[in-house]
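Note on naming: letters A, B, ... go to the chains in the order of the sequence lines (proteins, then strands), and numbering restarts at 1 for each one. All values below were derived from every heavy atom in this structure, side-chain atoms included, with hydrogens, water molecules and symmetry-related copies excluded.
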2 protein chains.
Amino acid sequence: MTSRPTAPTSPGDEPSGRQRLLDVGAALLAEHGYADTTLRQVAREAGMKAGSIYYHFDSKDQLLTEVLRLGMTAVTDAFDEAVGHSRDTADPLVRLHAVVQAHLRALFEFGPYTATHVTAFHYAPKDVRSGVLPLRDAYEAKWQNLLDDLVADGALAATNTPRVRRLHLLDLMNSAIHWFDPTGTETIDDLANSIVELFWVGATNSAHSPALNTDRNSP
Amino acid sequence: MTSRPTAPTSPGDEPSGRQRLLDVGAALLAEHGYADTTLRQVAREAGMKAGSIYYHFDSKDQLLTEVLRLGMTAVTDAFDEAVGHSRDTADPLVRLHAVVQAHLRALFEFGPYTATHVTAFHYAPKDVRSGVLPLRDAYEAKWQNLLDDLVADGALAATNTPRVRRLHLLDLMNSAIHWFDPTGTETIDDLANSIVELFWVGATNSAHSPALNTDRNSP
DNA sequence: GTCTATATGTCGATAGAC
DNA sequence: GTCTATCGACATATAGAC
């Protein structure tokens, strides 16, 4: 449930060395951006000196690339799992809600790794971006296919272009990283409900769908 | 129509010195962020040397603060003008559409000054942020009041909290800076339509409102 | 108003001891 | 694996000539 990001290192041993650098690097990167995150800062918060980083990584860019890669892997896995669990569900609204919830959970609960894609990716060096772009494109394609399927099922109205429809939904979810506080009174599920409801009813011509549970005390 | 951002300097004279630095600084800031925008770069593209900047500004932070201030003034003026022009309009959807259009026009046509608020504000030094925060809060309050009025009129459903409603709409508009190309086939008005339609129908319980003109060839 | 020259600091990265 | 020490590049900012 509260599993930490899993690096290619064998699980079971407590986070040390490389893993600590990744965790700290992701946190600093998500909060301060690429340029303002210094290796000296990463090293200090990881309990070592700046020079020691180069035993684990070849460069600052490589550390950042690895953080972004792990983050995109995490949301992609969360997406696939949610799709798998809801594939037998008839109601397309429930399916949409499941993946939105999965994306938001990854964004807020998995933590800094995924958040870096919203806050730091765009201003990272070109080499870093191009190294992670295939993973990002693949993830966006998953969303595009899902929304296209919902339109094909007649569950979503075909307003706007498919691309704009996808971008609007992803913007709604990702932008929340700048203002939503998951430790506050509103839960992540509340946020998922508000976004799905907005997007869903907005993209279709019909009135309220009865399937969306807006009860804030649901498990 | 194509008026440039007006600095506190007297209008009429061609942009020189301080104004050129502001224009270049805003452009670089919007594209590369705060930390990656160097004064050497700003000076070079403005046709002068780095040291000369300090005749016009006391520090990099002050230049950035001024850019952000001008940007927020621009969107605020655009908002007020749109509200003034549509205040006598009965249809609340038309009023909402007018301000969304005004915000997007300021974001894309006025250019880098307003875009910096989306791309660079969050990662600017604390002193810079606090120096512009009152202007930002005032602008957000305008949107909050407008949406609250629409809810009070029964034009928008009172789903979610008022704050979340406002943030979602602003997120939809501002996030488009990362992917929308105003020089492409889709116009800014098209984007405004797509956002208003999504938000409007999504936030209300009724079906399509007949007032929104979705004709892409409207003047 | 703009220039040159420079002070001062911090960054990423390397080399080699332990 | 982590340390110390340091190199070279580049940043903001300053001082003073023109």
Side-chain angles (χ1 to χ4, degrees), chain A residues 7-10 12-29 31-68 116 120 123-129 131, chain B residues 7-10 12-29 31-68 116 120 123-129 131:
Chain A
T9 59
S10 60
D13 46 4
E14 59 183 11
S16 64
R18 173 188 170 91
Q19 186 62 45
R20 285 202 323 272
L21 290 172
L22 287 170
D23 288 345
V24 169
L28 291 175
L29 210 68
E31 187 174 351
H32 299 111
Y34 174 79
D36 283 334
T37 298
T38 71
L39 292 183
R40 283 173 168 80
Q41 209 177 351
V42 173
R44 179 164 43 82
E45 297 202 14
M48 58 179 76
K49 300 297 180 181
S52 308
I53 292 182
Y54 290 86
Y55 174 80
H56 301 281
F57 300 95
D58 291 339
S59 67
K60 177 184 181 181
D61 284 8
Q62 188 194 301
L63 195 161
L64 169 54
T65 301
E66 184 65 12
V67 166
L68 288 169
T116 51
Y123 299 105
K126 190 179 172 183
D127 290 350
V128 173
R129 293 202 308 276
Chain B
T9 59
S10 60
D13 47 3
E14 58 184 15
S16 64
R18 173 187 171 90
Q19 186 61 46
R20 284 200 325 270
L21 290 172
L22 288 170
D23 287 345
V24 169
L28 290 176
L29 212 68
E31 189 175 350
H32 300 111
Y34 174 79
D36 283 336
T37 298
T38 71
L39 293 182
R40 283 175 166 78
Q41 211 178 351
V42 172
R44 180 163 42 82
E45 297 201 13
M48 60 178 73
K49 300 297 181 182
S52 307
I53 291 182
Y54 290 85
Y55 174 81
H56 301 281
F57 300 94
D58 291 340
S59 67
K60 178 184 180 180
D61 285 7
Q62 189 193 298
L63 195 163
L64 170 54
T65 301
E66 184 66 12
V67 165
L68 288 170
T116 51
Y123 299 106
K126 190 179 173 183
D127 290 349
V128 173
R129 292 202 308 275

Asks: How long is the straight-line distance from NE2 of B:H56 back to CD of B:E66, given to the nearest 0.5 Å?
Replies: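 Reported to 0.5 Å precision, the distance equals 13.0 Å.
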
Asks: May I ask you to decide if B:A124's main-chain N or O and B:R129's side chain share a donor-acceptor pair within less than 3.5 Å?
Replies: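 It does hold such a pair.
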
Asks: Using whole Å, what does the distance between atom P of nucleotide D:dA9 and atom NZ of A:K60 come to?
Replies: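 The answer, rounded to whole Å, is 19 Å.
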
Asks: Mind checking side-chain contact (heavy atoms from CB on, under 4.5 Å) for A:A27 and listing every partner two or more places apart, or none if nothing turns up?
Replies: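 For A:A27, the residues satisfying side-chain contact (heavy atoms from CB on, under 4.5 Å) (neighbours in sequence not counted) are A:P112.
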
Asks: Verify side chain to side chain contact (heavy atoms under 4.5 Å, CB included) between B:L64 and B:F57, making sure each step is shown before the conclusion.
Replies: CA-CA 10 Å; B:L64 170 54; B:F57 300 94; over 6 Å; no

Asks: A:E45 and side chain to side chain contact (heavy atoms under 4.5 Å, CB included): which single residue from A:L21, A:D23, A:L28 fits?
Replies: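 Testing A:E45 for a side chain to side chain contact (heavy atoms under 4.5 Å, CB included) against A:L21, A:D23, A:L28 leaves exactly one candidate, A:L28.
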
Asks: If every non-hydrogen atom of A:Q41 is compared with every non-hydrogen atom of A:D36, which pair is closest and at what distance?
Replies: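 Taking every non-hydrogen atom into account, OE1-O, 3.5 Å.
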
Asks: So where does chain A start and stop touching DNA chain C, 5' to 3', when the test is distance under 4.0 Å to a non-hydrogen atom?
Replies: C:dC11 to C:dT14

Asks: Which distance, rounded to the nearest 0.5 Å, do you find between the CG of B:L29 and the OG1 of B:T116?
Replies: 6.0 Å

Asks: Reckon B:K49 touches a base, only the sugar-phosphate, or nothing at all at heavy-atom distances under 4.0 Å?
Replies: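 Counting heavy atoms under 4.0 Å across all strands, the contact made by B:K49 includes a base.
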
Asks: How many whole angstroms separate atom CG of B:L39 from atom C1' of D:dA13?
Replies: 9 Å

Asks: Looking at DNA chain C, which of residues 51-59 of chain A put a heavy atom within less than 4.0 Å of it?
Replies: A:G51, A:Y54, A:S59

Asks: Return the 5'-most residue of the pair A:R40, A:G47 with respect to DNA chain D, ranking by each residue's nearest nucleotide.
Replies: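 Result: A:G47.
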
Asks: What heavy-atom pair brings A:R20 and A:P15 nearest, and what distance separates the two atoms?
Replies: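 Minimum heavy-atom contact is CG-O, 3.6 Å.
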
Asks: Would you kindly give the CG-to-P distance between B:D61 and D:dA11, to the nearest whole Å?
Replies: 16 Å

